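Chain letters run A, B, ... following the sequence lines, proteins first, then strands; residues in each count from 1. All figures in this text were calculated on a predicted structure; none of them were measured in a lab.
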2 protein chains.
Amino acid sequence: MARIAQTRSPRGVAGTRRGRPASAARPSANIRKVRQAGRREAILAAALAEFSARGFTATRLDDVAKRAGIAKGTIYLYFRDKESLFQELIRTMLSPLVGTIEALRDADVPVRMLADQLVELFVREVFLTRRKDVIRLMISEGPRFPKLAEFYYREVLSRIIAALRALLRRAHERGEIANDAVVRFPQLIAAPGIVAIIWTGLFDRFETIDVRAMMKAHVDLLFTQRSAA
Amino acid sequence: MARIAQTRSPRGVAGTRRGRPASAARPSANIRKVRQAGRREAILAAALAEFSARGFTATRLDDVAKRAGIAKGTIYLYFRDKESLFQELIRTMLSPLVGTIEALRDADVPVRMLADQLVELFVREVFLTRRKDVIRLMISEGPRFPKLAEFYYREVLSRIIAALRALLRRAHERGEIANDAVVRFPQLIAAPGIVAIIWTGLFDRFETIDVRAMMKAHVDLLFTQRSAA
DNA sequence: TATAAATGACTGACCGGTCAGTCATAATCA
DNA sequence: TGATTATGACTGACCGGTCAGTCATTTATA
C-alpha cells in the first residue's frame, strides 16, 4: 500500500528512459551521479516513512526497499547497514536546522519579534513537515542510540540553546523580559512545540491541538510585561 | 547479572520452607496465592526494565524471564502474550495517578498553591520513580499501540486535563491568573515535565536538568501577577 | 565489450510462543 | 498424624516464521 509520493525518481525515470535521443548533449555523464543522488534520497524518504510508522527494530528493510522501488540489496550500496541508514537519516534531516536558527541569532530586532519568528519557523519548517517525524524518532529511539543522541546534542541542541540563552539574556537585561525563567531554562521555549509533536502522534484522533495558537499563547506568557494594575 | 531484588518469593521461600510447624495456623494455605502475586509483580518489574532499555520490539522475553528469575514459559501463565504484558504494565503503573490528581481537584486553596503541590507531586511520584520510564515508554511506543493510547487518553489524560481546566478557569475568573493561556491550553502546565523526562533520557550525560527548579520557574511564569510598574 | 550498478534468492541467527514433563504443595485417606 | 494421591505451577527444549545481510547473476552504461 502506501506508496511514497515525493521524491519521484527511480522507477519512473527508468521506465520513461527508453527513447532517449542519444547519450549526446551532456559532456559525458553525471547523469549517473544525479540518478544515484535520487536513489539515495528515495531510500531515505522510504526509510523515514517506515521508521516513523514502525520504529527502528520493527522496520523491515524489505519494506523500505519496496517503498523506494528498488531491491533490498541496493540499500547496501548506499548505506553500510540498517543502523547506519537510520543515523544518516536523522543527521541529514536535522543538521540544516542549526544554520537557520543561528541565522536569527544576531538579528537586532526586539526579542519579542524574534520569538514570534521562531514560532513561525517551528510551525512551518518542523511541525508541518516530515522533520516533525524525525524529531519524534529522535525522542523515541534516541535513548538506544547514544552516538546519535550525542551528535544531536553537540551539533544541534547545544548550539541552539547557547544562541537562545545569549539572546534571552540580552533581552532580560534590556527589560524586554520580566521574568528570568526562560533565561535560566531556554528549554522552556521549545517545550510547547515538543509537547505538540508528541500529542499529535498519540492523541490527535481524540482531540486536536492548535500548535501555532498554543505556542503563541506560551510566548505571550514568557513576555508578559509588568503593566500598571 | 542484574538479578531483581524486590519480590523475594519462590526459590528462597521454597528453600526455607521445610521446617514449617504444621499446616495449621492459617485456615489452609494461600501460600500459593501469595507467591503468584509476587511472580506477577516480578515479571512486571523485569518487563519494565527491559522494555525501557530496549523498547518493545527489541525486548526478548527470554531476558525478561531471566531478570525475573523464572522460566520463559511462566510469563505465559500470567500474561496472554508480549503485547498484553506491555499494555498491562502501562495500565498498572499509570492508572493510580488519576485518583491522586483528582483528589486535588476540589481542594479550595489558592490555585497558586495547588500548582506548587502539583509540581511536587510530579517530581516525587513520577520523575523520581519508575513511572517516569513508563511515561517515556508511552511516548515512544504509544503511536504503535492505538488501543493503549486510547486507554491512556480516556482514562488518564482527558480526566486530568478536564480537572485542570476547570481549576484554572476558576482561578482566572478570580483574577489569580492574569493570562488565560493556561486555561486554553492546560497542556502547558505539563510541558516542562514532559520535556524534562525526554531530556534526561537523551542528554543527561551531557547536561543535567534541575526539573524541580525548571517547573517552579515555569509555574512562576504562569502566575505572574500584573504588578505596578 | 568491459565495467559498474542493481538485483533478489539465499543463509543463518534469532525469538515469540508451545507443550510434554516435573515436582512442590494440597487434598484425601487410614 | 503419617502415607498416598491429585493438582497445577513451573520449566525449558523445541518449532516455525522472520529478517538483516550476502553474493552470484543479470542489467545498464561508457
Side-chain angles (χ1 to χ4, degrees), chain A residues 9-11 13-40 42-43 47 50-51 54-87, chain B residues 9-40 42-43 46-47 50-51 54-66 68-86:
Chain A
S9 68
R11 280 288 288 289
V13 174
T16 1
R17 173 138 254 17
R18 238 180 3 90
R20 181 159 52 96
S23 70
R26 206 46 27 71
S28 66
N30 13 30
I31 293 173
R32 221 150 163 160
K33 288 277 173 58
V34 173
R35 185 129 73 217
Q36 284 195 14
R39 283 265 150 113
R40 208 189 133 86
I43 295 172
E50 293 291 329
F51 283 138
R54 309 191 202 299
F56 176 79
T57 313
T59 288
R60 289 174 295 244
L61 290 188
D62 274 314
D63 289 344
V64 173
K66 193 180 300 177
R67 188 183 278 262
I70 57 168
K72 184 167 65 161
T74 307
I75 293 175
Y76 288 86
L77 299 176
Y78 294 85
F79 302 93
R80 204 176 67 260
D81 55 16
K82 191 185 183 184
E83 191 166 321
S84 173
L85 167 61
F86 181 73
Q87 304 207 9
Chain B
S9 70
R11 284 287 288 287
V13 174
T16 359
R17 170 141 258 11
R18 246 183 351 94
R20 180 160 51 99
S23 72
R26 204 49 27 70
S28 66
N30 13 30
I31 294 173
R32 228 150 159 161
K33 288 278 175 54
V34 172
R35 185 129 75 217
Q36 283 194 20
R39 283 270 148 111
R40 208 187 133 87
I43 294 172
E50 293 292 329
F51 283 138
R54 310 192 201 298
F56 177 78
T57 313
T59 287
R60 290 175 293 245
L61 289 186
D62 274 315
D63 290 343
V64 173
K66 195 179 299 177
I70 58 167
K72 184 167 63 162
T74 306
I75 293 175
Y76 289 86
L77 298 176
Y78 293 85
F79 303 93
R80 205 177 63 261
D81 54 17
K82 192 185 185 185
E83 191 166 322
S84 173
L85 167 61
F86 180 74

Interatomic distance, A/Leu85 atom CG to A/Ile43 atom CD1 [nearest 0.5 angstrom]: 7.5 Å
Aromatic ring pairing A/Phe51/A/Phe56, orientation class (parallel under 30°, perpendicular over 60°, tilted between): parallel
Separation between CG of B/Leu61 and CZ of B/Phe79, rounded to the nearest 0.5 Å: 11.0 Å
Options D/dA20, C/dG17, C/dA5, nucleotide nearest the side-chain atoms of A/Lys82: D/dA20
Nearest-angstrom distance from the residue atom CD1 of B/Ile75 to P of D/dA9: 16 Å
Interatomic distance where CD1 belongs to B/Ile43 and C1' belongs to D/dA9 [whole Å]: 11 Å
B/Tyr78 side-chain N/O to D/dC10 phosphate OP1/OP2 under 4.0 Å: yes
Between C/dC10 (C1') and A/Asp62 (CG): distance, integer Å: 12 Å
Length of the CG-C1' vector between A/Leu77 and D/dT27, whole Å: 14 Å
Heavy-atom pair with the smallest gap, counting every atom of B/Val64 and B/Ala46: O-CB, 3.5 Å
Interatomic spacing from OG in A/Ser84 to OH in A/Tyr76 - rounded to 0.5 Å: 10.0 Å
Atom pair distance, as rounded to whole Å: OH in B/Tyr76 and P in C/dG16: 7 Å
Phosphate OP1/OP2 of C/dG8 contacted by A/Lys72 side-chain N/O (<4.0 Å): no
Smallest separation among heavy atoms of B/Ala65 and B/Ala71, with atom names: CB-C, 3.8 Å
Rounded distance in Å - CG (A/Asp63) to C1' (D/dT18): 12 Å
Candidates C/dA6, D/dG21, D/dC10 - which lies nearest the side chain of A/Asp81: D/dG21
Pairwise distance NZ(B/Lys72) to CZ(B/Arg60) - rounded to 0.5 angstrom: 11.0 Å
Strand-adjacent residues in residues 54-61 of chain B, judged by heavy atoms under 4.0 Å from DNA chain C: B/Thr59, B/Arg60, B/Leu61
Whole angstrom value for the distance that separates P of D/dT22 from CZ of A/Phe79: 16 Å
Length of the CZ-P vector between B/Arg80 and C/dG16, whole Å: 16 Å
C/dA5 phosphate, OP1 or OP2, under 4.0 Å from A/Arg39 side-chain N/O: no
